[in-house]
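Working notes, structure below.
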Amino acid sequence: MNSTSLLSGFQQQYLASARPLYYVPDAHIFESFPDHLLALAVPVVAYWVYSLFFHILDMSDWKWLEKYRIHESAEVKSRNLVTRGQVVKAVIYQQIAQTLLGMWWIEAHDSGELVDHAGVMANMAPSLYALLSTVLGQGSATRIFEKHGHDILYAVYWWGIPTIKFFFGMFIIDTWQYFLHRAMHMNTYLYKKLHSVHHRLYVPYAFGALYNHPIEGFMLDTLGTGVAEAVCGMTTREAMLLFLVSTLKTVDDHCGYSLPFDPLQLLSGNNADYHDIHHQVIGIKSNFSQPFFIHWDVILGTRMTRQDIEERRRKSQKRVD
């Protein structure tokens with residue numbers, strides 16, 4: 001059974017005209033700026049805009065913020081081993097390298113109405129019909145397709161597939177960064193030559209999120225995100241969203257605030273407080289997960305919580321007594 005016989009004229013017309021709220025019909029979101037270049041610019045702009053927000057909080061004297069600070073303001077100056085100017089220079093260097101590599105890596109793809117969305121959905125119809133037939137039987141599958149085939153195809157194409165790609169991309173980034181990050185702590189050479197640079201920030205702050213050795217920045221952040229985009233087969237705009245959210249989450253994880261109203265900190269247990277433990281001496285061999293979820297720490301036994309720290313301190317105190 002081909003796609004034409006599966007879909008009525010009304011259903012085909014529906015698929016040709018119905019679009020989700022997030023859809024932009026133009027070939028490029030901004031007419032004079034190609035989408036594939038915008039995908040490279042978005043994470044850079046987001047990094048500095050979001051970092052600036054937290055920097056304003058850092059510089060403010062708002063008393064209501066004190067209870068949300070993970071560290072006292074004075075600790076940033078007294079305990080960190082690198083100046084803010086050095087951090088800014090290193091981050092800009094990494095972002096330039098990341099952008100140049102991205103210009104070589106990322107390809108320009110058709111977007112908006114340049115894509116035959118209705119045709120793609122129609123081509124999906126036989127596979128979806130076969131799946132329903134296997135699960136529910138051919139008679140039920142036929143009845144469902146006659147009434148709701150267009151709705152199912154619309155939901156799968158515009159919402160289901162992009163959502164699966166996005167979360168799978170998050171999983172790939174988390175997996176890539178966990179094992180590489182952990183390796184840089186377990187291998188003395190890698191830690192001394194590469195990762196120790198990032199840990200000069202004993203007390204993290206927002207715009208220091210990408211303060212890394214250039215090689216680590218390429219391997220951990222740039223390459224990992226590029227692999228996720230390629231493996232998931234993302235469109236340019238899907239990749240743009242992944243790059244944006246990944247950047248915002250990385251900044252948020254280093255922001256220095258435990259904010260109960262921050263949606264990115266509500267996303268999972270992998271938040272600023274969780275990552276701050278990793279930057280302390282007691283937790284430096286724990287909490288390797290970044291930037292999204294903590295499943296690898298939980299599965300492989302490298303998770304450390306504030307309660308774990310208090311328990312260690314109580315046991316240490318008992319031994320002293």
Report yes if some heavy atom in the side chain of Leu190 is under 4.5 Å from a heavy atom in the side chain of His195; otherwise report no.
-> no

Legend entry - Backbone N/O of Ile284 and side chain of His185: donor-acceptor pair under 3.5 Å: yes

- Message: For the CH2 atom on Trp64, are there more than 12 heavy atoms of other groups (residues, nucleotides or ligands in this structure) within a distance under 6.0 Å?
- Response: yes

**OP:** Check step by step if side-chain contact (heavy atoms from CB on, under 4.5 Å) holds for Thr142 and Phe145.
**Re:** CA-CA 5 Å; Thr142 300; Phe145 239 84; 5.9 Å; no

* Close side-chain approach of Asp174 to Ser289, heavy-atom, < 4.5 Å -> no

Please check if Ile161 and Val115 belong to a single hydrophobic cluster, counting links between Ile, Leu, Val, Met, Phe, Trp and Tyr side chain heavy atoms closer than 4.5 Å. yes

**Request:** Verify whether one side chain among His254 and His198 offers a donor that lies under 3.5 Å from an acceptor in the other.
**Result:** yes

With sequence neighbours left out, the residues meeting salt bridge (charged side-chain N to carboxylate O under 4.0 Å, His left out) with Glu107 are none

Rounded to the nearest 0.5 Å, the OG atom of Ser246 sits from the CD atom of Gln290 at a distance of 9.5 Å

Determine yes or no for a side-chain-to-main-chain donor-acceptor pair under 3.5 angstrom, with Trp48 supplying the side chain and Phe207 the backbone. no

- Task: Step through the shown structure and confirm whether more than 12 heavy atoms of other residues, nucleotides or ligands are within 6.0 Å of CE on Met186.
- Result: yes

Residues His278 and Ser286: closest non-hydrogen pair is ND1-O, 2.7 Å

Item to complete: Would you kindly confirm whether Tyr47 and Phe53 end up in one hydrophobic cluster when ILVMFWY residues are joined by side chain heavy atoms under 4.5 Å apart?
Response: yes

query = Is the side chain of Asn80 donor-acceptor paired with the backbone N or O of Val203 at a distance under 3.5 Å, no angle test?
reply = yes

Are any of the side-chain heavy atoms of Thr235 and His109 separated by less than 4.5 Å? no

Rounded to the nearest 0.5 Å, the CD atom of Glu238 sits from the OG1 atom of Thr163 at a distance of 9.5 Å

key: Polar side chain donor-acceptor pair, Gln280 to Tyr202, under 3.5 angstrom   = yes

Rounding to 0.5 Å, atoms CG (Asp262) and SG (Cys255) come to a distance of 6.5 Å

- Message: Please tell me whether Leu180 and Tyr191 are part of a single hydrophobic cluster in this structure, the criterion being side-chain heavy atoms less than 4.5 Å apart.
- Response: no

When every non-hydrogen atom of Leu248 is compared with those of Tyr50, the smallest separation belongs to O-CE2, 3.5 Å

Practice task
Please confirm whether Arg84 makes a cation-pi placement over Tyr205, using NZ or CZ under 6.0 Å from the six-membered ring centre and within 45° of the ring normal.
Solution key: yes

Checklist entry - Is there a side-chain contact between Arg237 and Ile29 (heavy atoms, below 4.5 Å)? => result yes

Heavy-atom nearest pair, Arg303 first then Asp308, reads O-OD2, 3.9 Å

_Within one Ile-Leu-Val-Met-Phe-Trp-Tyr cluster: Met124 and Val135, side-chain cutoff 4.5 Å_ = yes

On a heavy-atom basis, the closest approach of Leu259 and Gln265 is N-OE1, 3.1 Å

### Query
What do you reckon, is CZ of Phe179 surrounded by more than 12 foreign heavy atoms closer than 6.0 Å?
yes

Query - Asp253 with Lys249: basic N within carboxylate O range, under 4.0 Å - result: yes

Problem - Lys/Arg-Asp/Glu bridge criterion (N-O < 4.0 Å) met for Arg143, Glu146 - result: no

Gln11 vs Met121, test: side-chain contact (heavy atoms from CB on, under 4.5 Å). Steps then yes/no. CA-CA 11 Å; Gln11 289 176 318; Met121 284 184 274; over 6 Å; no

Checklist line | His279 and His199 aromatic centres sub-6.0 Å | finding: yes

Ring centres under 6.0 Å, that's the criterion: do Tyr178 and His295 meet it? no

CZ of Phe288 to CD1 of Ile294, rounded to nearest 0.5 Å, is 14.0 Å

dist Leu6:CG -> His150:NE2 (nearest 0.5 Å) comes out at 14.0 Å

- Query: More than 12 non-hydrogen atoms from neighbouring residues, nucleotides or ligands closer than 6.0 Å to OH on Tyr189, yes or no?
  - Reply: no

Smallest heavy-atom separation, Arg306 atom then Ile70 atom, equals NH2-CG2, 3.8 Å

- Message: Do Phe54 and Tyr257 make a side-chain contact, defined as non-hydrogen atoms from C-beta onward lying under 4.5 Å apart?
- Response: yes

Side chain to side chain donor-acceptor pair (under 3.5 Å) with His117: of Trp158, Tyr157, Tyr154, only one passes, and it is Tyr157

* **Same apolar cluster (I L V M F W Y, side chains within < 4.5 Å links), Met184/Leu81** => no

*Just wondering, are more than 12 heavy atoms of other shown residues or ligands nearer than 6.0 Å to OH in Tyr93?*
no

Under 3.5 Å, sequence neighbours excluded: what are the donor-acceptor pairs made by side chains of residues 221-233?
unit_1	atom_1	unit_2	atom_2	d
Asp221	OD2	Asn212	ND2	3.3
Thr225	OG1	Asp221	O	2.8
Glu229	OE1	Trp105	NE1	2.9

Checking Phe166, Tyr22, Tyr23 against Trp159 for ring pair (Phe, Tyr, Trp, His ring centres under 6.0 Å), the one that qualifies is Tyr22

State, yes or no, whether a side-chain contact exists between Met170 and Val245 at a heavy-atom distance under 4.5 Å. no

Should the pair Arg69-Glu66 be classified as a salt bridge under the 4.0 Å nitrogen-to-oxygen rule? yes

Fill in: Trp296 and Thr175, any side-chain heavy atoms less than 4.5 Å apart
yes

| message | With a 6.0 Å cut-off (strictly less than), is the heavy-atom count around CZ of Phe168, excluding the residue itself, greater than 12? | response | no

Rounded to the nearest 0.5 angstrom, the CG-NE2 distance for Asp35 and His28 is 6.0 Å

- So, does Ser268 use its side chain to make a donor-acceptor pair with the main chain of Phe292 at under 3.5 Å? yes

Between Thr305 and Ile277, the two heavy atoms sitting closest are C-CD1, 3.9 Å

Is there a side-chain contact between Met240 and Leu38 in this structure, where contact means two heavy atoms from C-beta onward sitting under 4.5 Å apart? yes

### Message
With side-chain contact (heavy atoms from CB on, under 4.5 Å) as the criterion, how do Asp276 and His71 come out once you've worked through the C-alpha distance, each side chain's angles and the decisive distance to 0.1 Å?
### Response
CA-CA 9 Å; Asp276 180 79; His71 295 276; 2.7 Å; yes

